[in-house]
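What follows is a set of notes on a single structure, which appears directly below.
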2 protein chains.
Amino acid sequence: MQMADLARLAGVSTSTVSRALSGSALINEETRERIQALARQFNYTINSVATNLRSGVKRTIAVVVPYEMASRQSFADPFLHGIIGSLADALTERGYEMLLSRMDADRLDMAAALIDGGRAAGLILIGQWRHHDQLNAMAERGLPMVVWGARLPHQNYCIVGGDNVLGGRLVAEHLLAQGRRRMVFLGDAGLPEVAQRYRGFAQCLRKNALPLLEQQRAAASFLADSGRKAMLALIDANPTLDAVFASSDLLAMAAIGALRERGRRIPADVAVVGYDDVELAAYFNPPITTVRQPIHEAGGRLVETLLSLIKGQSLPVSAPLETQLIVRESSQATAAY
Amino acid sequence: MQMADLARLAGVSTSTVSRALSGSALINEETRERIQALARQFNYTINSVATNLRSGVKRTIAVVVPYEMASRQSFADPFLHGIIGSLADALTERGYEMLLSRMDADRLDMAAALIDGGRAAGLILIGQWRHHDQLNAMAERGLPMVVWGARLPHQNYCIVGGDNVLGGRLVAEHLLAQGRRRMVFLGDAGLPEVAQRYRGFAQCLRKNALPLLEQQRAAASFLADSGRKAMLALIDANPTLDAVFASSDLLAMAAIGALRERGRRIPADVAVVGYDDVELAAYFNPPITTVRQPIHEAGGRLVETLLSLIKGQSLPVSAPLETQLIVRESSQATAAY
DNA sequence: GACTTTAATGCAATCGATTGCAATTTGCGC
DNA sequence: GCGCAAATTGCAATCGATTGCATTAAAGTC
């Protein structure tokens, strides 16, 4: 069923049908009601593909989740899901549709094709990975895009994210206050966000004369199993460690598993702190101390920023989102101290 | 940049450009290469919106996640994310794009608008909730759709899912073999999938002369907090319980938290079994015994079924996916027995 | 009653591509 | 050198909607 059919049924032209359904003032109220009734009766829905071809207005936003070919599992991180959910909400609220793509992080230019090809009005990329330059190049081409990640020098693209340096510092201060002294860091510092968390963490320790050595830091992707292995290596290299800062809650959970394998009690022997405050962090055993990133606000902010970029305002700058330490059991000082 | 511009640059008509880019045989090889080079140089990407308006072939599939207005958090379940990720993969592999929508479960007919409006070629609905009749009505209108959920009587729509009755039975047999006798069920039996898990579970217990009473069953949505509260109520109503079957891993995690609040040890005092085998189940403390649903295969199966439905074969019927008990620590018999 | 407004509707061009058919060019046979 | 087939290319209609402008009908004015 298309507009022409409906027009025939109603005995009018397609112009009239179009006006009846679009809320134009140039139409008789009775005619409008008659046509709308017919449309309902025959389940007619306006073809939005044709509509936005003609009108040029697109109401679709592409959300791109880059993954590294090697480990296509980036999708496993619950934080990522939280963001996607909040984006879905934020877009729906504003009357936009969401096109979700996973994409090889080395071929991010394919995301550009979604814009060039008219599929979407704008791009939201989740995670900048190691592709700062590629993102800059895309932005310079004038693609309407916003990235979830970390603010970096020489950054020509819009970014939305938390204050990772602050987050790292909050964790260090907290662990110091709990009396911990032999801390290790778990996470892949090749990723800008993680690097900043590490920087905030290490700076604060250094100020307190507690430098972090290279062997007190292990790379681990966002994958649970790689987190477990990296943690085991850290334990073996630093058998006396008394605290772990993991760069995501998922890694924190994996780390707790690994620590238990090696007979450490949490938090009595080792304190563990995560990052993100995913829902399950509070239900884990023990509940995990973590740095909260306001997931729901994140979606809204990403969408708002992108839409104002599309509307053509000058490059919107988004202040870092609120970043806050949530203290739970996994890092509390206990009777053991 | 659009095709006409490129045609002008190349000094040919748009017909020729179109043929050059689409791999038609009706074109000189040199011309094709010249045009393709120009296209690359100017970042020209064919406008797929216009293309499928003209050709009528759509390469977009809508994935709809219904949620209940009351608790818009259905999105929090990690199993759901697993399915979405596997759908994204399955669709990408086959050259389709994925339109993701959350939708009020009471207004599922809005999903129909995605098809009627030409946005998508087909519909994948995740979870049937309490809306069997609505889904039947949609299918009868001839909408190309596939639902993840449970097979029910009088079902006119395509369904893909695991064997929930079997899953429930496997859990019961396992717990009986572990010597557990006072079991409770945690989950909202108003949902068909959960109801079937309960049925398999209860039937097997009955066969062993261990009926489940009403107060040994508590409704709990897919939300962690509601799971915790329901579990607390179950404990109070059945202080001597020695096993819990939760209808999802998320609920199992919440249940474990609640049991600990009441001083129960897992699995020494109470065995806990979940459902789904989400990635974190293995990393939880203790690792959770659960019924595996093959998430990755699920996405592939949903997509295959939908595509063959679209191609117009008669209603494809999909056998239940493999359903398998994964035994981990949370339900092992221990020294306490 | 002729003339101007105003309201409602239809005509036809347009969005950016694809494709059947016609037109042109080239090559080949004799 | 003519005729015909094959190889390329262009023209114009088409997909399903929207919208500026023209048209028609009804109402209001003097």
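Letters A, B, ... are given to chains in the order of the sequence lines, protein chains preceding strands, and every chain is numbered from 1. It should be emphasised that the depicted structure is a prediction, and the values quoted were computed from it without experimental measurement.
Within residues 49-59 of chain A, the residues approaching DNA chain C are A:L53, A:R54, by heavy-atom distance under 4.0 Å. Near DNA chain C, meaning a heavy atom under 4.0 Å from it, residues 14-27 of chain A has A:S15, A:T16, A:R19, A:L26, A:I27 in order of number. Near-neighbour residues of DNA chain D inside residues 29-40 of chain A, defined by a heavy atom below 4.0 Å, are absent.
Residues that satisfy the side chain to side chain contact (heavy atoms under 4.5 Å, CB included) test with A:R34, not counting sequence neighbours, are A:A10, A:V12, A:T31. A:E30 pairs by the side chain to side chain contact (heavy atoms under 4.5 Å, CB included) definition with A:N28, not counting sequence neighbours. Contacts of B:D109 classified as side chain to side chain donor-acceptor pair (under 3.5 Å), with partners at least two apart in sequence or in another chain: B:R107. The side chain to side chain contact (heavy atoms under 4.5 Å, CB included) test applied to A:I295 returns A:F79, A:S86, not counting sequence neighbours. Residues satisfying the side chain to side chain contact (heavy atoms under 4.5 Å, CB included) test with A:S22, not counting sequence neighbours, are A:S24. Applying the ring pair (Phe, Tyr, Trp, His ring centres under 6.0 Å) rule to B:H131 yields no partners; only residues at least two apart in sequence or on another chain are considered.
Of the candidates B:I124, B:L91, B:I61, B:L125, B:I124 is the only one forming a side-chain contact (heavy atoms from CB on, under 4.5 Å) with B:L302.
Between its opening and closing five pairs, the helix from C:dG1-D:dC30 to C:dC30-D:dG1 changes axis direction by 50°, a value rounded to 10 degrees.
Under 4.0 Å is where a charged nitrogen must lie from a carboxylate oxygen, and between B:R141 and B:D116 at least one such pair does. Between B:E29 and B:R32 there is a salt bridge, since a side-chain N of the basic residue sits under 4.0 Å from a carboxylate O of the acidic one.
Screening residues 53-63 of chain B for side-chain hydrogen bond (donor to acceptor under 3.5 Å, both in side chains), with sequence neighbours left out, gives A:R119-B:T60.
With hydrogens and angles disregarded, no donor-acceptor distance shorter than 3.5 Å links the side chain of A:E140 to the backbone of A:L135.
Counting non-hydrogen atoms of other residues, nucleotides and ligands closer than 6.0 Å to CE of A:M1 gives a total above 12.
The two residues A:S318 and A:T305 come nearest to each other via the heavy atoms CB-OG1, 4.3 Å.
If you take CG on A:D89 and CD1 on A:I84, they are separated by 12.5 Å, rounding to the nearest 0.5 Å. Between B:M98 atom CE and A:L99 atom CG the span is 9.5 Å, to the nearest 0.5 Å.
Contacts between chain B and DNA chain D, taken as any atom within less than 4.0 angstrom of a protein heavy atom, begin and end at D:dT8 to D:dG16.
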